[in-house]
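Scroll down for the structure; my scribbles are underneath it.
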Amino acid sequence: MPKYVFVTGGVISSVGKGTIAASLGKMLSVRGANVDFLKIDPYVNVDAGTMNPYVHGEVYVTCDGGETDLDLGWYERFLGTPMSRLNNLTTGQVYLEVISRERHGDYLGQCVQIIPHVTDEIKRRIRAVAERRGADVVIVEIGGTVGDIEGLPFYEAARQMRLEEETLFVHVALVIYHESTRELKTKAFQHSLQELRRIGIQPDVMVARSPTMISADVRRKLALFGTLPIEAVFCSYNVHPVYRLPLVLEEQGLGDYIAEKLGLPNSPNWSSWRRVVELYDKASSPVRIAICGKYAKLEDSYVSIKEAIWHAAVTLGARPQIEFVETEEFEEDPLRLERLRDFDGIIVAPGFGKRGAEGKIMAINYARTRGIPMLGICFGMQLAVAEFARNVLGLEGANSTEIDPNTPYPVIDLLPEQRGLKALGGTMRLGESEVVLLEGSLAHRLYGSKSIKRRHRHRYEVNIEYWDALRSSGMVFSGFTVDGTRIEVIELRDHPFYLVVQYHPEFSSTAERPEESFVGLVEASMRRAYERTKSLTISANPEADYRSA
Ligand code: GLN
């Protein structure tokens, strides 16, 4: 029988519940358990696809084309197991199902209510995750904080499951560091516990989130208020890399504690995970990478890209210094482009819409003409085609019809099947499909295979009417869909590293298995970093260089 671990949150959101849930999963998976996850997002959207990443963070795309919460990315990066759309549940999905059943007449004669109809549907969806791959344990992370109105039916369903299944409740809440008295305050944590109990949930385990390890006193105090033994209270403090978190919690005894509570085998094998963390500790050569995008002010918008850079870099012994660059800046003042000169590699981020797009084109032009290693992703690839068409083919005003519907040269245009589509939710070209790589190309060398599978999320593509012109001016189309009708990868031969891809490589990178295009970018960036430092050392004024470094 599957077991269910519920993770609830208190005080504020964004305390790293996702990485704590992923760590719990890791702790059980190194003990041989088959673990699956469910992220519950109590908002009314059916999925994350229609939300602005600037507000909610990145939209994470699963193999089966789900547009989901970014926490699913953490589950995959920690465990390496592909998630599906089933692993993310929202209020919108629950109501859509219940209401369509009501219209169908499935509840004929009944008054349809939150309890039991909505809570039954929630429980059905939680159990469906266990059935998906025959999981031994499902970690159910309830998004937001306890007390949120939207969350109530989910907490209620979880409470009911306590009687029906084998469950364990883990409450994660912030312990506040109070600047003026220089101490950790537990009052808000206590209030969140009271709120949880008011709903009828008594936690089995508590995790205090704080900047540094909590003292035995704080632990004792939390245990007292939580009606728990002190052994059931743990601390998630700031660690780097975040992949160290399961080890830190393991050292505190959390792994043993939950394995025993759930009656699971308890002989963990951490060897391969420890190797990952050691790579981070050893990585030392600095390499500067810019992520050029428009949601640059919120780091969570590009979390998968950032993590993928790190995964790749540490396997090469490199320590990336990542900066987020807002491309609108270049539109306001083209001189700011010079800023890119100090980077060893550039990523042109995915995106939608007009804002910052011209700035991205400027950044691409800079990278192409100055020989800076560049990886363009999705929108980044499309704008690279526009840049090339304008500046190499001389097609002035060439653009994507997404940005300029009246462009004289629509080098990027809607996918044929997208024409006439009215509804915008979940209707892009989504999910994983095969990409066939050209033998002898850079992509082929990097991937070491003629065929790969990668995830997609787009409506536009390279317009077939411009294929010949682009090719004859030097663009190498090195990746296609299986039927050969769509371009997936483009590269340039006479450039240190110029690779632009229609798919999203960042969703295929995990801590234990970096994605090849990122490895290629970092490798090339390290060469540039080496050249840059070499030119510094032969500089006329080495002392000044040293000081400025
Ligand atoms: N806006 C572009 C499209 O829809 C690119 C999307 C993306 O970068 N994910 O095709």
Side-chain angles (χ1 to χ4, degrees), residues 47-54 56-63 65-68 70 73 291-296 298 300-306 308 324 327 346-361 363-364 374-387 389 398-405 407 410-433 435 454-464 466 479 481 485-490 499-509 515 517-518:
D47 61 39
T50 50
M51 278 190 283
N52 188 344
Y54 202 35
H56 197 75
E58 162 191 284
V59 176
Y60 192 79
V61 182
T62 55
C63 292
E67 297 177 280
T68 69
L70 58 82
I291 300 179
C292 297
K294 77 162 168 179
Y295 310 117
L298 181 76
D300 263 358
S301 320
Y302 298 120
V303 55
S304 291
I305 294 178
K306 186 176 145 210
F324 296 89
T327 52
I346 289 174
I347 289 181
V348 187
F352 296 84
K354 206 176 174 117
R355 188 170 75 79
E358 277 305 316
K360 278 186 180 170
I361 292 180
I364 293 164
M374 180 184 98
L375 173 64
I377 302 175
C378 202
F379 200 35
M381 156 167 163
Q382 298 172 356
L383 296 176
V385 171
E387 189 278 322
N399 215 332
S400 164
T401 50
E402 177 182 2
I403 311 301
D404 178 7
T407 169
V411 287
I412 303 293
D413 202 7
L414 265 184
L415 289 158
E417 67 271 25
Q418 291 283 328
R419 298 202 180 112
L421 259 183
K422 293 270 182 311
L424 293 184
T427 56
M428 281 187 244
R429 177 185 178 218
L430 286 167
E432 191 176 80
S433 57
V435 177
R454 287 295 179 270
R455 303 180 202 180
H456 298 80
R457 183 174 188 245
H458 64 118
R459 291 187 204 281
Y460 294 80
E461 65 168 343
V462 185
N463 185 345
I464 197 160
Y466 291 89
T481 47
T485 61
R486 258 160 222 178
I487 299 176
E488 292 274 6
V489 191
I490 302 177
L499 189 78
V500 295
V501 296
Q502 183 58 75
Y503 53 82
H504 287 266
E506 70 274 25
F507 299 139
S508 301
S509 182
E515 206 278 343
S517 62
F518 286 91

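Scope of the values below: all heavy atoms of this structure, side chains included, with no hydrogens, waters or symmetry mates. Read the numbers this way: they start at 1 and go in the same order the structure lists the ligands and their atoms.
For Phe507 and Tyr60, the gap between ring centers is short of 6.0 Å.
Applying the salt bridge (charged side-chain N to carboxylate O under 4.0 Å, His left out) rule to Asp47 yields no partners; only residues at least two apart in sequence or on another chain are considered. In this view, Arg486 and Glu417, Glu461 satisfy the salt bridge (charged side-chain N to carboxylate O under 4.0 Å, His left out) rule, not counting sequence neighbours. For the salt bridge (charged side-chain N to carboxylate O under 4.0 Å, His left out) test, no residue two or more places apart in sequence or in another chain qualifies with Glu432.
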Any protein N or O within less than 3.5 Å of an N or O in ligand 1? List each pair with its distance, or say none.
| unit_1 | atom_1 | unit_2 | atom_2 | d |
| --- | --- | --- | --- | --- |
| ligand 1 | 1 (N) | Gly351 | O | 3.0 |
| ligand 1 | 1 (N) | Glu402 | OE1 | 2.7 |
| ligand 1 | 1 (N) | Glu402 | OE2 | 3.1 |
| ligand 1 | 4 (O) | Arg459 | N | 3.0 |
| ligand 1 | 8 (O) | Gly351 | N | 2.9 |
| ligand 1 | 8 (O) | Gly351 | O | 3.4 |
| ligand 1 | 8 (O) | Phe379 | N | 3.0 |
| ligand 1 | 9 (N) | Arg457 | O | 2.9 |
| ligand 1 | 9 (N) | His504 | NE2 | 3.2 |
| ligand 1 | 10 (O) | Gln382 | NE2 | 3.0 |
| ligand 1 | 10 (O) | Arg459 | N | 3.0 |
| ligand 1 | 10 (O) | Tyr460 | N | 2.9 |

Side chain to side chain contact (heavy atoms under 4.5 Å, CB included) evaluation trace for Phe518 with Glu506: CA-CA 8 Å; Phe518 286 91; Glu506 70 274 25; 3.9 Å; yes
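Closest approach of Pro505 and Ile377 over heavy atoms only: CD-CG2, 3.8 Å.
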